[in-house]
Asker: 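First the structure, which I've put down as structure tokens, then a few questions once you've had a look.
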Amino acid sequence: MSTLRNKVQLIGNVGQEPTITTLDNGKKVARMSLATNENYKNSKGERQTDTNWHTIVAWGKTADIIEKYVSKGKEIAIEGKLTSRSYEDKEGVKRYVTEVVTSEILLLGGND
């Protein structure tokens, strides 16, 4: 257990078209939401689905792959790390954001 680290692995469906931004230094960043589903049976034996939404951020070559091959609804697997940050919105209210910064992506679900 001495090698514990910040690592996240998710498989889910892309919630909306990824947003690709090219920064002044030429570096690309991709942002998208990813929906993951957990299925279970409630106390009455009825099948239930719980959907969680995750904010995904990717840089460089991973952002290039997302720009070329990922679209809304596509099933993907990602690996990365959790990051948290805060910022002030236009009204001066401090906001907190938790994101998954992606280091690897695997395209699933066939050719859409």
Side-chain angles (χ1 to χ4, degrees):
M1 292 282 238
S2 64
T3 59
L4 291 178
R5 61 181 192 203
N6 182 351
K7 183 176 178 179
V8 176
Q9 294 178 319
L10 298 171
I11 296 175
N13 294 90
V14 177
Q16 85 276 351
E17 291 299 321
T19 303
I20 310 297
T21 306
T22 303
L23 304 177
D24 292 339
N25 62 6
K27 211 172 191 185
K28 275 189 189 172
V29 60
R31 294 184 179 275
M32 63 185 166
S33 63
L34 187 71
T36 58
N37 294 319
E38 181 179 351
N39 296 309
Y40 62 94
K41 289 186 180 180
N42 65 13
S43 59
K44 297 177 184 175
E46 301 165 328
R47 184 179 167 98
Q48 301 289 310
T49 300
D50 184 25
T51 302
N52 287 290
W53 290 93
H54 312 275
T55 302
I56 308 298
V57 178
W59 295 89
K61 291 183 180 188
T62 308
D64 290 337
I65 292 168
I66 290 170
E67 182 178 35
K68 279 186 174 179
Y69 302 108
V70 176
S71 58
K72 179 180 177 179
K74 178 78 174 163
E75 184 179 30
I76 62 171
I78 62 105
E79 182 173 294
K81 65 180 181 176
L82 277 180
T83 61
S84 296
R85 61 184 174 87
S86 63
Y87 66 95
E88 283 192 15
D89 67 12
K90 294 174 185 172
E91 290 78 39
V93 177
K94 194 166 193 173
R95 303 284 181 180
Y96 297 90
V97 179
T98 300
E99 301 167 320
V100 178
V101 177
T102 305
S103 56
E104 293 188 42
I105 184 169
L106 181 62
L107 306 174
L108 305 171
N111 298 330
D112 294 343

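This chain uses plain numbering: 1 for the first residue, then up along the sequence. Please read these numbers as outputs of a predicted model, since none were measured by experiment.
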Asker: Check E99 against V97 and note the closest heavy-atom contact, atom names and distance.
Answerer: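 Shortest heavy-atom contact: CG-CG1, 3.5 Å.
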Asker: In Å and rounded to the nearest 0.5 Å, what is the CG to CD1 distance from L10 to I105?
Answerer: 11.5 Å
Asker: In Å and rounded to the nearest 0.5 Å, what is the OH to CD distance from Y40 to Q48?
Answerer: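 Result: 5.0 Å between the selected atoms.
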Asker: Kindly give the heavy-atom pair with the smallest separation between G73 and N13, and that separation in Å.
Answerer: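 That would be O-ND2, 3.0 Å.
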Asker: Transitively linked via ILVMFWY side-chain contacts under 4.5 Å: L82 with M32?
Answerer: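 Looking at the clustering, M32 is in the same group as L82.
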Asker: Check P18 against S71 and note the closest heavy-atom contact, atom names and distance.
Answerer: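 Minimum heavy-atom contact is CD-CA, 4.2 Å.
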Asker: Considering the options T83, V100, T102, I56, which one meets the side chain to side chain contact (heavy atoms under 4.5 Å, CB included) requirement together with V8?
Answerer: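 Considering T83, V100, T102, I56, a side chain to side chain contact (heavy atoms under 4.5 Å, CB included) with V8 is found only for V100.
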Asker: Under the side chain to side chain contact (heavy atoms under 4.5 Å, CB included) criterion, do W59 and L23 qualify, and how do the steps go?
Answerer: CA-CA 11 Å; W59 295 89; L23 304 177; 3.5 Å; yes
Asker: For W53 versus G15, what's the shortest heavy-atom pair and its separation?
Answerer: CZ3-CA, 3.5 Å
Asker: Checking Q16 against S33 for the side chain to side chain contact (heavy atoms under 4.5 Å, CB included) test, could you report, in this order, the C-alpha distance in whole Å, the side-chain angles of both residues, the deciding distance, and whether it holds?
Answerer: CA-CA 7 Å; Q16 85 276 351; S33 63; 2.5 Å; yes
Asker: Might you point out which heavy atoms bring S84 and T98 nearest each other, and give the distance in Å?
Answerer: OG-OG1, 3.3 Å
Asker: Would you say that more than 12 heavy atoms from the other residues, nucleotides or ligands in this model lie under 6.0 Å from the CG of D24, or not?
Answerer: no
Asker: When you look at R95 and V93, which way does the side chain to side chain contact (heavy atoms under 4.5 Å, CB included) test go after all the steps?
Answerer: CA-CA 6 Å; R95 303 284 181 180; V93 177; 4.1 Å; yes
Asker: Quick check on the hydrophobic clustering: are V57 and Y96 connected, directly or via other members, by side-chain heavy-atom contacts under 4.5 Å?
Answerer: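 They do not share one cluster, since no chain of ILVMFWY contacts under 4.5 Å joins V57 to Y96.
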Asker: Atom CZ in R31, atom CD1 in I20: separation rounded to 0.5 Å?
Answerer: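 Reported to 0.5 Å precision, the distance equals 11.0 Å.
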Asker: In Å and rounded to the nearest 0.5 Å, what is the CG to CD1 distance from L108 to I11?
Answerer: 6.0 Å
Asker: If you take all heavy atoms of A58 and A63, which pair is closest and at what distance?
Answerer: O-CB, 3.6 Å
Asker: Are V14 and L107 grouped together when hydrophobic residues (ILVMFWY) are joined by side-chain heavy atoms under 4.5 angstrom apart?
Answerer: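 Cluster IDs for V14 and L107 match.
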Asker: Just how far is it from atom CD of E17 to atom NZ of K72, taken to the nearest 0.5 Å?
Answerer: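 The CD atom of E17 sits 8.0 Å away from the NZ atom of K72.
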Asker: Nearest 0.5 Å please: distance from the NZ atom of K28 over to the OG1 atom of T62.
Answerer: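 Answer rounded to 0.5 Å: 12.5 Å.
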Asker: Quick check on the hydrophobic clustering: are I65 and V29 connected, directly or via other members, by side-chain heavy-atom contacts under 4.5 Å?
Answerer: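 Each belongs to a different hydrophobic cluster.
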